[in-house]
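Quick note on labels: first sequence line is chain A, next is B, and so on, each numbered from 1.
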Amino acid sequence: MASEPFRGQKRKREHHHHHSKGGTNPHVNVIQKLDGKITTQGGPQSKSTLQESHSKGGRINQREKAKSLQAVREQLPIWRSRKDIREALDQNDVLILSGETGSGKSTQVPQFLLESQWCKGQIAITQPRRVAAISLARRVAAEMGTTLGSSSPASRVGYSVRFDNSTSPAMRVKYLTEGMLLQELLRDPWLKNYSIVVVDEVHERSINVDLILGFLRRIVTGEAQGEGKREKRLKVVIMSATVDVESFVEFFQTGFRKIEEQQKQEAADEEEDNYSESSWSGISTSEDEKAPLQKDNSIPVNGNVTKALLRFKNKPRDKSDYITINGKVINLVPDRSKSQQKEPCLGQPNGQNEEYRTLDTKHVATCFIKGRQYPVQVFYMPEPTNDFLESSLTAVFQIHYGEPLPGDILVFLTGQDTVEALQKSVEDHATGMAPEMPKILVLPLFAALSPAQQAQVFLPAHGYTRKVILATNIAETSLTIPGIRYVIDTGKAKAKHFHNGLGLESLLVKTISQSSAIQRKGRAGREMPGKCWRLYTEQGYQEMEKTGQPEILRCDLSSALLVMKARGVDDVINFPLMNPPRRDGIENGLLHLLTLGALTERGVISSIGIQMSRLPLLPSLARVIVEGARNDGEYLLEIIDIVAALTVENLFLNPATEEKREEADTARAELTRRQGDLLTFLATVRSYAAENANRKAWTEKRYISHRGMQNVMNVRKQLRSLCQQQKLLPPSSSLKFHDYDEGPLNVSEDISTSILKCFLKGFHANTARLMPDGSYKTFVGNHAVAIHPSSVLFGKKVEALMFVQFVFTNKSYARGVSAVQLNWIGDALDGGEIA
DNA sequence: CCAGGATTT
């Protein structure tokens, strides 16, 4: 074993919060399966205590339960602030509430506000994850002494997540996922159902949260224009775990300030038409400079060259950004300033909401709530390490020899490869331990693991044994593991990053942020005082970014832009975002939507775009569905099956041993199609659907995820239903193959070709051709690309490829690969996707 | 010539 890294180490104590016994979650007693993920639930709200009953006795029981929970509520740190929180929102539109772990904010804030005089509608609380939305709703229902959602029409608490809606008419408090609120925004742009929207876990800065904050700011400040305004004001609560309250305050105040300045400006404009120059994000706005940004999007196909010359121009007042393609001028930001201006709406001074206009800082209140966590002692390395696996190994045994039981160890690693490597080395070393030492049980934990394997982590080890859990980031926020007292933090994680010019995403190991490090450390202090070993120096910690980069700065923006366009945001460049993405990222996303036909030449969402936006899919995949609906939707059911499979990650499991891998290969052989992964998915979905006897055994034999296939069937059902609603599919009664239980497993060559041609409508930019040396080069940009080893086409040579994902890890890989013909790619472009 | 951090509609 390597030398001890922590000898002569620096010690430091952080965050000694007050703690009283009988905290929120002293023991965890229920394992709940949801969506293939195992989650724990806190003790007091265990499943058995929440079994709803419609009998009278059951209701009395509920009330008694709620009464006993009241005492627990009053112990929460946030309880003392309930009056302040209510008053803050009596006087302000926005409250930024920063509450540390264990403060009770996610369960209590909605209950406090329910009693506010102005709160007549529903309260929405958004969560980034499904499980959180459901378990919080369950907890709050118990505290309020009411049944949960759909179990009774009188229920006052419910939740809404995809595939699982538990709501009722009398409901006042609704927990929902961020994605669900964005979906509601499509139907109800002013969120009229709600008196308050509470946005929880904002510090995670998911792209959905950033979009939601933008939409909420537009509503609450009056930046949003158009018809259908609210009669009552919307209140907004932003809840964050970290201390960077400032940026959220600034974000909302900017909105209020902007409206005031706009109104002053309008008054001034009565006298003088002001054409002052302004610039956005460093882009020159000079009129003389004809092409401040110019890009050659040449796509050579069949000798023809489609030139997409991108030119931007900006007149600050009318924002008529446009692209020129083959001499055609196409607006990206349509000018609706003439038609939209004078509409009286929320927040404008001539309306009944005059108090909006008293512009001082009173629009935005802030509040800080102490958390309740056990103290965690932190150790740093005296010197940086260049081999975190070796350091982890040393640290595991240093803890095992030096720290008492009970107390399990959680190690944060980067991915499946590092988890498996460390598992092997820890197990090897453990065999050489003295027999009187406690045993070590090593448990891997990452998303691709089967639910049964994930469940191992939550079971107590029997005998004189210490659990060592080797996890990816999944254990940082998504899963909470009981019994952890020692955390080893490598300071690394894999992060995805989208590269605009290349249309390529990378998945690379990066140094984590300080807030991630704090979050990881906190995993040791949930049930008792703990210790955290950071496999980097204290200086290393100081040099980390304070927070991680928001997702919106790291991803393909076409999806987010379609979300905005479909919800009436034409001027996407001025949509309020806390961290506006680079201009070229927006251009790229808009251009992508344009080539998909989701936008018209004027930059307005097209009928195709509207259809796409109603599908819970990436724009490219949504476009494939819409394409499949043309020609009488002949192959749309097949396409839906494939798309459904594409949306589910880790469908085909990767067995740990070589032997099992071969077993999987032979079992899957009947599903494999030489045309590639897409048609292999089709055969898989149909074959699974046709299996009536034992679907679980069917998946196990083939090393296919059972949960994953169940998910595929859910998505398939949803896509079919959405397509029927939009008349992309005929109603089910006249549908020949409504369910493929009887459908053919194989499709003809002609049908395969038609299907792949539909996919080219969404993915013509993701194509590559075979080079003389046997490698593949993309059509767009001529970049080298290799077929991913998980593909059925791995190692095969075909004249051209189409792929669903282009990702850089060790090198550039194509995933979701199909064999196509060169001339199909030309056809896809001639078909007029630039409508 | 050999591999996918985590969410979500």
Student: Take the protein atom CD of Gln805(A) and the nucleotide atom C1' of dG4(B), then report the distance between them rounded to whole Å.
Tutor: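 Gln805(A) atom CD is separated from dG4(B) atom C1' by 8 Å.
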Student: Does Thr177(A) have a side-chain nitrogen or oxygen under 4.0 Å from the phosphate oxygens OP1 or OP2 of dT9(B)?
Tutor: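 Checking dT9(B) against Thr177(A), a side-chain N or O does come within under 4.0 Å of OP1 or OP2.
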Student: Considering only side-chain heavy atoms of Asn654(A), which listed nucleotide, dG5(B), dC2(B), dA3(B), is closest?
Tutor: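 Of the options given, the side chain of Asn654(A) lies nearest dA3(B).
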Student: Once you round it to whole Å, what is the distance between P of dA3(B) and NZ of Lys494(A)?
Tutor: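 To the nearest whole Å, that distance equals 10 Å.
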Student: Would you say a side-chain N or O of Tyr813(A) is under 4.0 Å from OP1 or OP2 of dG4(B)?
Tutor: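 So the side-chain polar atoms of Tyr813(A) never come under 4.0 Å of the phosphate oxygens OP1 or OP2 of dG4(B).
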Student: Only pairs under 3.5 Å count here: list side-chain donor-acceptor contacts from residues 784-805 of chain A, not counting sequence neighbours, and write none if there are none.
Tutor:
unit_1    : atom_1 : unit_2    : atom_2 : d
His788(A) : ND1    : Ser790(A) : N      : 3.1
His788(A) : ND1    : Ser790(A) : OG     : 2.7
Ser791(A) : OG     : Asp677(A) : OD1    : 3.3
Ser791(A) : OG     : Asp677(A) : OD2    : 2.8
Ser791(A) : OG     : Leu793(A) : N      : 3.0
Glu799(A) : OE2    : Leu822(A) : N      : 3.0
Gln805(A) : NE2    : Glu505(A) : OE2    : 2.5

Student: Is Arg129(A) touching bases, backbone alone, or none of the nucleic acid, heavy atoms closer than 4.0 Å?
Tutor: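 Sugar-phosphate contact only - Arg129(A) comes under 4.0 Å of backbone atoms but never of a base.
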Student: Charged N to carboxylate O under 4.0 angstrom, Asp244(A) versus Lys546(A)?
Tutor: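 No, Asp244(A) and Lys546(A) are not salt-bridged.
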Student: Does the ring centre of Tyr813(A) sit less than 6.0 Å away from the ring centre of Phe806(A)?
Tutor: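 No, they do not, as the ring centres are separated by 6.0 Å or more.
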Student: Under 4.0 Å, counting only non-hydrogen atoms across every strand here, what does Leu182(A) touch: a base, just sugar-phosphate, or nothing?
Tutor: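 Nothing, no heavy atom under 4.0 Å.
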Student: Within 90° of 0 counts as syn, otherwise anti: where does dG5(B) fall?
Tutor: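 That one's anti.
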Student: Would you say the side-chain atoms of Arg702(A) pair up with the backbone N or O of Arg668(A), donor to acceptor, closer than 3.5 Å?
Tutor: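 Not a single qualifying donor-acceptor pair exists.
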Student: Starting from C1' on dC2(B), measure out to CD on Glu658(A) and report it in whole angstrom.
Tutor: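 Taking atom C1' of dC2(B) as the reference, CD of Glu658(A) is at 10 Å.
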Student: Among dT7(B), dT9(B), dG4(B), find the nucleotide with the atom closest to the side chain of Ile474(A).
Tutor: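 Output: dT7(B).
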Student: Would one find a side-chain N or O of Arg614(A) under 4.0 angstrom from OP1 or OP2 of dT9(B)?
Tutor: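 False: Arg614(A) side-chain N/O out of range (4.0 Å or more) of dT9(B) OP1/OP2.
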Student: Using a heavy-atom cut-off of 4.0 Å across all strands, would you classify Val807(A) as base, sugar-phosphate, or nothing?
Tutor: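 Answer is nothing: Val807(A) stays at 4.0 Å or more from every strand.
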Student: Using a cut-off of 4.0 Å on non-hydrogen atoms, how would the nucleic acid contact of Asn810(A) be classed: base, sugar-phosphate, or nothing?
Tutor: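 Sugar-phosphate contact only.
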Student: Kindly point out which of dC2(B), dT9(B), dA6(B) is positioned nearest to the side chain of Phe446(A)?
Tutor: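 Nearest to the side-chain atoms of Phe446(A), counting from C-beta on, is dA6(B).
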Student: Taking the nucleotide of DNA chain B with the nearest heavy atom to each, does Lys811(A) or Ser160(A) sit closer to the 5' end?
Tutor: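 Result: Lys811(A).
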Student: Between atom CD in Glu551(A) and atom P in dT7(B), what is the gap in whole Å?
Tutor: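 Between P of dT7(B) and CD of Glu551(A): 12 Å.
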Student: Nearest whole angstrom, please: distance from the P of dG4(B) to the CG of Asp677(A).
Tutor: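 So the two atoms are 15 Å apart, to the nearest Å.
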Student: Do the rings of His497(A) and His499(A) sit parallel, tilted or perpendicular, given the 30° and 60° boundaries?
Tutor: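 Answer is tilted, since the angle falls between 30° and 60°.
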Student: Whole angstroms only, please: what is the CG-C1' distance between Leu617(A) and dT9(B)?
Tutor: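 In whole Å, dT9(B) C1' lies 9 Å from Leu617(A) CG.
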Student: Nearest heavy atom decides the nucleotide; on that basis, is Leu618(A) or Leu507(A) closer to the 5' end of DNA chain B?
Tutor: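 Closest to the 5' end, via its nearest nucleotide, is Leu507(A).
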Student: Using whole Å, report how far CD1 of Ile207(A) lies from P of dG5(B).
Tutor: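 To the nearest whole Å, that distance equals 21 Å.
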Student: Can you name the salt bridge (charged side-chain N to carboxylate O under 4.0 Å, His left out) partners of Glu659(A), sequence neighbours left out?
Tutor: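 Listed in chain order: nothing, the list is empty.
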Student: Which part of the nucleic acid does Thr809(A) contact within heavy-atom distance under 4.0 Å: base, sugar-phosphate only, or nothing?
Tutor: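 Counting heavy atoms under 4.0 Å across all strands, the contact made by Thr809(A) is with sugar-phosphate only.
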Student: Is any side-chain N or O of Ser206(A) closer than 4.0 Å to OP1 or OP2 of dT7(B)?
Tutor: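 Checking dT7(B) against Ser206(A), no side-chain N or O comes under 4.0 Å of OP1 or OP2.
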Student: Where the side chain of Arg162(A) is concerned, which of dA3(B), dA6(B), dT9(B) is the nearest nucleotide?
Tutor: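 So the side chain of Arg162(A) is nearest to dT9(B).
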Student: Over all strands shown, is Glu204(A) touching base, sugar-phosphate only, or nothing at heavy-atom distances under 4.0 angstrom?
Tutor: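 Nothing: the residue Glu204(A), judged by heavy atoms under 4.0 Å, touches no strand.
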Student: What integer distance in Å separates Tyr159(A):OH from dT8(B):P?
Tutor: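 These atoms are roughly 14 Å apart.
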